[in-house]
2 protein chains.
Amino acid sequence: MAVTIKDVADRAGVSPSTVSRVIHNNPKISEETKKIVNKAMEDLKYHPNAVARSLANSSTQTIGLILPNSSDDLFTRPFFIEAMRGISIYAQNQKYNLMYCFSNSEEEEVGFIRNYINSGWVDGIVLFTARKEDKCISYLRKRDFPFVVIGEPEEGDDILWVDNDNVQSMYNVTSYLVEKGFRRIGLITGPDQFAVTRNRREGYLQALKSRKIDIDESLIRTGDSFSEETGYRCMKELIESENPPQAIASADDYLAFGAISAMKEAGILLPIVGFNNSPRAEFLSPALSSVDINPVLLGENAVELLIKSLQNKILPFKNVIVGTRLIERETTSKY
Amino acid sequence: MAVTIKDVADRAGVSPSTVSRVIHNNPKISEETKKIVNKAMEDLKYHPNAVARSLANSSTQTIGLILPNSSDDLFTRPFFIEAMRGISIYAQNQKYNLMYCFSNSEEEEVGFIRNYINSGWVDGIVLFTARKEDKCISYLRKRDFPFVVIGEPEEGDDILWVDNDNVQSMYNVTSYLVEKGFRRIGLITGPDQFAVTRNRREGYLQALKSRKIDIDESLIRTGDSFSEETGYRCMKELIESENPPQAIASADDYLAFGAISAMKEAGILLPIVGFNNSPRAEFLSPALSSVDINPVLLGENAVELLIKSLQNKILPFKNVIVGTRLIERETTSKY
DNA sequence: TTGTAGGCGTTATCAT
DNA sequence: ATGATAACGCCTACAA
């Protein structure tokens, strides 16, 4: 078997507790013995057993990520892997381990969370999406287990979360289109159960109101997914409506991709802006203007909040807003 | 604190070992006590502590994934997240946990592997790429630690790995282009240090040889990355060469994307096939023909091999070949 | 069939 | 400054 703290103690001629103290840089240990113990550890190539340590500390230094696995191709998008990478940047720096699991439904997500908590594997959990009346969130609160959400939940501000300012971002996009001279601006979004949908619509509405532009409900399409098909369908409806829009604000790039297909089919090409700055946006023809939401930073900040709260550090804020920026491309630059 | 096996034992009026036996379905336990103990477990909402269990068993039921983080945008591609999802499908089924880490270099990868092993967190490791003289592989072998590689390593067949038949796949692509009547077929690949590069080139060469077509080295471009820029540069060289190709086999979609840009710039459009069936391939104009390598299945099979070997199950094969299929799209269908 | 006791490797409390 | 001891929660000979 592997070399243990006892082996080191024997070789150094001290007790296991002394070795433990050396490992943890306990101040009241003589330089002399510290040297001897360190030598013994090197000689034996000793490495602490993290599992035993976890048992003794009742803390695993591990964070669990709950990844959704939506029916559409949501998870094939770079958002998740980018956020996971962001999370890894901060967590690895802090010597935290990362666990992940994919779920196929909200129920399954709750199941994995329950399992992570009951088994004692993780110290905290990262949720990748905030739904309306989110069962994961209510379960985690019921269990009083540390977690952070990527995306602002409706449940209030005693929850840790990070998000973009979705209201502001869509406000900016809408204003940008208004500035270009368009007044009839169509809005295509994903399902209403997601906070991101409601917030982006809110930004759209606010922008129009602040410019004294009347809201025309017939210009607002709430899709039942974030897929291209949905975007296509919504756009088609808009095109065929009595009073079609002059420009489109889309709450997601993929919805915008679908919308562009519908427009091409109809032989028109209205200015359009998407969200998430997906790789394809850049290479589409015409290249799609899109809002970069910085998923890496979302991930980093999320796990930073979580880890700091696990370490009982004082959190100046329970929430972090990550800035977005509009990447202007061909679908709007020529107007 | 959480309820332990001892609490259950007390409530059921038995010893902890009896409870443990019930949990593990030990055959020599009376139906009577089994019932009582189960009742007690439910009443107390008992859940075994996985950390304590791991310590006692010296097995964590956890697999560690080592993700590369190449300088180009490799990791933003769906391959990794898809493979991770495939891994999760099998692992979650087998009640295995998954850990992951991103590395910025081969050295860092070795560091994370060392850490995973020394800390005792994981029972086995999944490598996401096989390089020439791969340091991760040699380190894992030195430590005699269980692992599996996605991608065939050069080190031989006592290693667990899964891969596509890259030789055959590129053989098929090349043959497909030959069938269409082209004889001067250009080849664009990524760096030579990756087995996938060497194997796909081999398939290309074999296909030409089998058709008695002379190999023209000037048609073969080995890029120094898998990025679009590289593809662009390689294609430009091919176009400007004395004797340019009539069609292109590309070992990667992104290389193909870059190549298409170069062709568009030059006002030509040679037939071209890529690899990986990236989402963008479908939506490019013209849509890119590409080989679907089935990353989900690669992940599933990889972790299946690893877990079975951890469970000392007899493995009929140490390697698995996952089938590929050519998705024909506009870049070749019209020829 | 069930209980006892020791061990997994580390930490923390209490002595000394 | 260092050592002995118990504890973390579970498993598994060995005994009974």
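The analysis underlying the following values was restricted to heavy atoms, covering all of them including side chains, and did not include hydrogens, waters or symmetry mates.
Among residue pairs with one or both ends in residues 20-31 of chain B, those qualifying as side chain to side chain donor-acceptor pair (under 3.5 Å) are B:Ser30-B:Thr33; sequence neighbours excluded.
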Taking distance alone, no hydrogens or angles, what donor-acceptor pairs closer than 3.5 Å link side-chain atoms of residues 312-323 of chain B to residues at least two apart or in another chain?
unit_1: B:Lys313; atom_1: NZ; unit_2: B:Gln311; atom_2: OE1; d: 3.1
unit_1: B:Lys318; atom_1: NZ; unit_2: B:Asp158; atom_2: O; d: 3.2
unit_1: B:Asn319; atom_1: OD1; unit_2: B:Trp161; atom_2: NE1; d: 3.1

Donor-acceptor pairs are to be reported for all side-chain atoms of residues 45-53 of chain A against protein atoms at under 3.5 Å, with residues two or more places apart or in another chain.
unit_1: A:His47; atom_1: NE2; unit_2: B:Asn118; atom_2: ND2; d: 3.3
unit_1: A:Asn49; atom_1: OD1; unit_2: A:Val51; atom_2: N; d: 2.7
unit_1: A:Asn49; atom_1: OD1; unit_2: A:Ala52; atom_2: N; d: 2.9

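Remark: A:Thr4, A:Ile5 in residues 4-12 of chain A come within less than 4.0 Å of DNA chain C through at least one heavy atom. In the region residues 40-52 of chain A, proximity to DNA chain D at under 4.0 angstrom, judged on heavy atoms, holds for none of the residues. Contacts between residues 18-25 of chain B and DNA chain D, defined by a heavy-atom separation under 4.0 Å, are made by B:Ser20, B:Arg21, B:His24.
Between its two ends, the helix from C:dT1-D:dA16 to C:dT16-D:dA1 turns its axis by 40°, counting five pairs per end and rounding to 10 degrees.
B:Lys35 pairs by the side chain to side chain contact (heavy atoms under 4.5 Å, CB included) definition with nothing, not counting sequence neighbours. Residues satisfying the side chain to side chain contact (heavy atoms under 4.5 Å, CB included) test with B:Glu108, not counting sequence neighbours, are B:Ser103, B:Asn104, B:Ser105, B:Phe112. With sequence neighbours excluded, the residues that form a ring-ring contact (aromatic ring centres under 6.0 Å, His included) with B:Tyr100 are B:Phe102. Applying the side-chain hydrogen bond (donor to acceptor under 3.5 Å, both in side chains) criterion to B:Asn294, with sequence neighbours excluded, gives no partner residue. With sequence neighbours excluded, the residues satisfying side chain to side chain contact (heavy atoms under 4.5 Å, CB included) with A:Ala12 are A:Val14, A:Ile36, A:Val37, A:Ala40.
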